[in-house]
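In this text the structure is predicted, and so the values were computed from the model without any measurement.
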Amino acid sequence: MKTIKINILLLAIVAIVMTSCSDQKTNNNMDGTNVLDILKTRRSIRAYQDKMPEKELIEQVVEAGTYAPTGMGSQSPVIVAVTNKEIRDRLSQLNADIMGRDIDPFYGAPAVLVVLADKQYPTYLYDGSLVMGNLMNAAHALGLGSCWIHRAKEVFETPEGKKLLKEWGIEGEYEGIGHCIIGYSAQDPIQPKPRKADYVRYIE
């Protein structure tokens with residue numbers, strides 16, 4: 001009788017484990033599908049509503065950026081989340097000055113996530129670029145629009161840009177990688193262009 005009870009208990013445990021594994025596999029497949037959909041449907045947004053995203057959403061986007069791969073796990077980048085309108089407008093003006101144009105390079109986006117990276121690390125440029133990618137994909141996953149705005153390198157090489165870094169307490173040899181603007185989209189959804197035929201080559 002004791003042996004029978006033990007066998008029944010073991011069978012019950014095996015059943016529970018198998019069910020758990022099956023559920024986990026299903027969930028992983030669903031998550032994978034969702035991730036691929038996000039990657040395929042994200043587009044650069046160049047028109048924004050005059051509405052600041054909720055702080056919780058911005059924090060989630062920024063957190064995703066901190067989990068981007070970096071060379072040897074160095075975490076060389078720094079993310080500066082700018083929601084202060086005055087600072088945001090100063091960054092926009094500096095960017096426009098470099099372009100030599102009187103426009104808003106941030107397309108009206110209310111928030112700017114500045115990505116900088118420490119040049120003492122040989123992979124700093126790639127590290128910062130991966131952070132930018134995470135930020136944009138996370139924003140899309142949370143229902144926000146985003147766009148990579150260039151000229152961050154030039155902006156933070158100007159006296160005004162260096163002054164901002166000092167105000168933010170960022171010291172050292174940091175280079176501007178990009179401005180990730182985020183906000184609620186004010187444009188119609190953009191359909192993806194067809195992928196070029198020779199994008200991928202399989203060597204088997």
In the hydrophobic clustering (ILVMFWY, side-chain contacts below 4.5 Å, transitive), which residues join I190, or is it alone?
-> none
Can you tell me if CZ on R195 sees more than 12 non-hydrogen neighbours from other groups inside 6.0 Å?
-> yes
Any luck finding a side-chain donor-acceptor pair between D97 and Q93 under 3.5 Å?
-> yes
Between R43 (side chain) and K40 (backbone), is there a donor-acceptor pair under 3.5 Å?
-> yes
Going by heavy atoms in the side chains, are P77 and T70 under 4.5 Å from each other?
-> yes
Nearest 0.5 Å please: distance from the OG1 atom of T83 over to the NZ atom of K55.
-> 8.0 Å
Kindly say whether G71 contributes a backbone atom to a donor-acceptor pair with the side chain of D127 at under 3.5 angstrom?
-> yes
Is it the case that more than 12 heavy atoms not belonging to Y184 sit under 6.0 Å from its OH atom?
-> yes
Quick one: closest heavy-atom pair of V155 and T158, and the distance?
-> O-OG1, 2.6 Å
Verify the neighbour count for atom NZ of K85: are there more than 12 heavy atoms of other residues, nucleotides or ligands below 6.0 Å?
-> no
Taking side chain as C-beta onward, heavy atoms only, is L164 less than 4.5 Å from V80?
-> no
Decide yes or no for Y67 and L130: does some side-chain heavy atom of the first lie under 4.5 Å from some side-chain heavy atom of the second?
-> no
N95 side chain to E154 backbone, donor-acceptor under 3.5 Å | no
Can you tell me how far the CD atom of E160 sits from the CG atom of L91, to the nearest 0.5 Å?
-> 9.0 Å
dist S76:OG -> Y174:OH (nearest 0.5 Å) comes out at 8.0 Å
Backbone N/O of R46 and side chain of Q187: donor-acceptor pair under 3.5 Å = yes
Taking T123 for its side chain and Y126 for its backbone only, find out whether a donor-acceptor pair lies under 3.5 Å.
-> no
Enter the distance from Q75:CD to T66:OG1 here, rounded to the nearest 0.5 Å.
-> 7.5 Å
Do P110 and R88 come close enough that some side-chain heavy atom pair is under 4.5 Å?
-> no
For side-chain contact (heavy atoms from CB on, under 4.5 Å), just list the numbers for I177 and W148, CA-CA rounded to whole Å, side-chain angles, deciding distance to a tenth of an Å, and then say yes or no.
-> CA-CA 10 Å; I177 305 300; W148 182 327; 4.3 Å; yes
If you measure from CE on M136 to CD1 on I181, what distance do you get to the nearest 0.5 Å?
-> 10.5 Å
Determine whether I149 and V112 make a side-chain contact, defined as any pair of heavy atoms from C-beta on separated by less than 4.5 Å.
-> no
Output yes when a side-chain donor or acceptor of Q49 lies under 3.5 Å from a complementary backbone atom of S185, and no otherwise.
-> yes
Validation row: I87, W168 side chains within 4.5 angstrom (heavy atoms) = yes
So do I45 and H140 actually touch side chain to side chain, heavy atoms under 4.5 Å?
-> no
Answer yes if the side chains of N84 and E86 hold a donor-acceptor pair under 3.5 Å, and no otherwise.
-> no
ILVMFWY network linking V78 to L125, side-chain heavy atoms under 4.5 angstrom | no
Least distance between heavy atoms, L135 atom then V62 atom | CD2-CA, 4.0 Å
Cluster check Y202, Y199: I/L/V/M/F/W/Y, side chain < 4.5 angstrom | yes
Dump the intermediate steps for side chain to side chain donor-acceptor pair (under 3.5 Å) on D37 and T41, then the final yes or no.
-> CA-CA 6 Å; D37 286 342; T41 57; over 6 Å; no
Nearest atoms (heavy-atom pairs only) where L94 meets G161 = CD1-N, 4.3 Å
Which residues pass the ring pair (Phe, Tyr, Trp, His ring centres under 6.0 Å) test with F106, sequence neighbours left out?
-> H179
Could you tell me which non-hydrogen atom of P53 sits nearest to which non-hydrogen atom of G183, and how far apart they are?
-> CG-CA, 3.7 Å
With a 4.5 Å heavy-atom cut-off, do I79 and V131 have their side chains touching?
-> yes
Between the main-chain N or O of A64 and the side-chain N or O of N134, is there a donor-acceptor pair closer than 3.5 Å?
-> yes
Go through the steps to decide whether Q120 and E173 satisfy the test side-chain contact (heavy atoms from CB on, under 4.5 Å), and finish with yes or no.
-> CA-CA 7 Å; Q120 71 172 308; E173 292 296 315; 6.0 Å; no
Do M52 and Y107 sit in the same hydrophobic cluster, where Ile, Leu, Val, Met, Phe, Trp and Tyr count as joined when their side-chain heavy atoms come under 4.5 Å apart?
-> no
Nearest-0.5 Å distance, CG of residue N34 to CD1 of residue I38 | 6.5 Å
Can you name the nearest heavy-atom pair linking I182 to A139, along with the distance?
-> CG2-CB, 4.2 Å
Is the count of non-hydrogen atoms from other residues, nucleotides or ligands lying under 6.0 Å from E167 atom CD greater than 12?
-> yes
What heavy-atom pair brings Y48 and C147 nearest, and what distance separates the two atoms?
-> OH-N, 3.6 Å
In this structure, are over 12 heavy atoms from other groups packed under 6.0 Å from K196 atom NZ?
-> yes
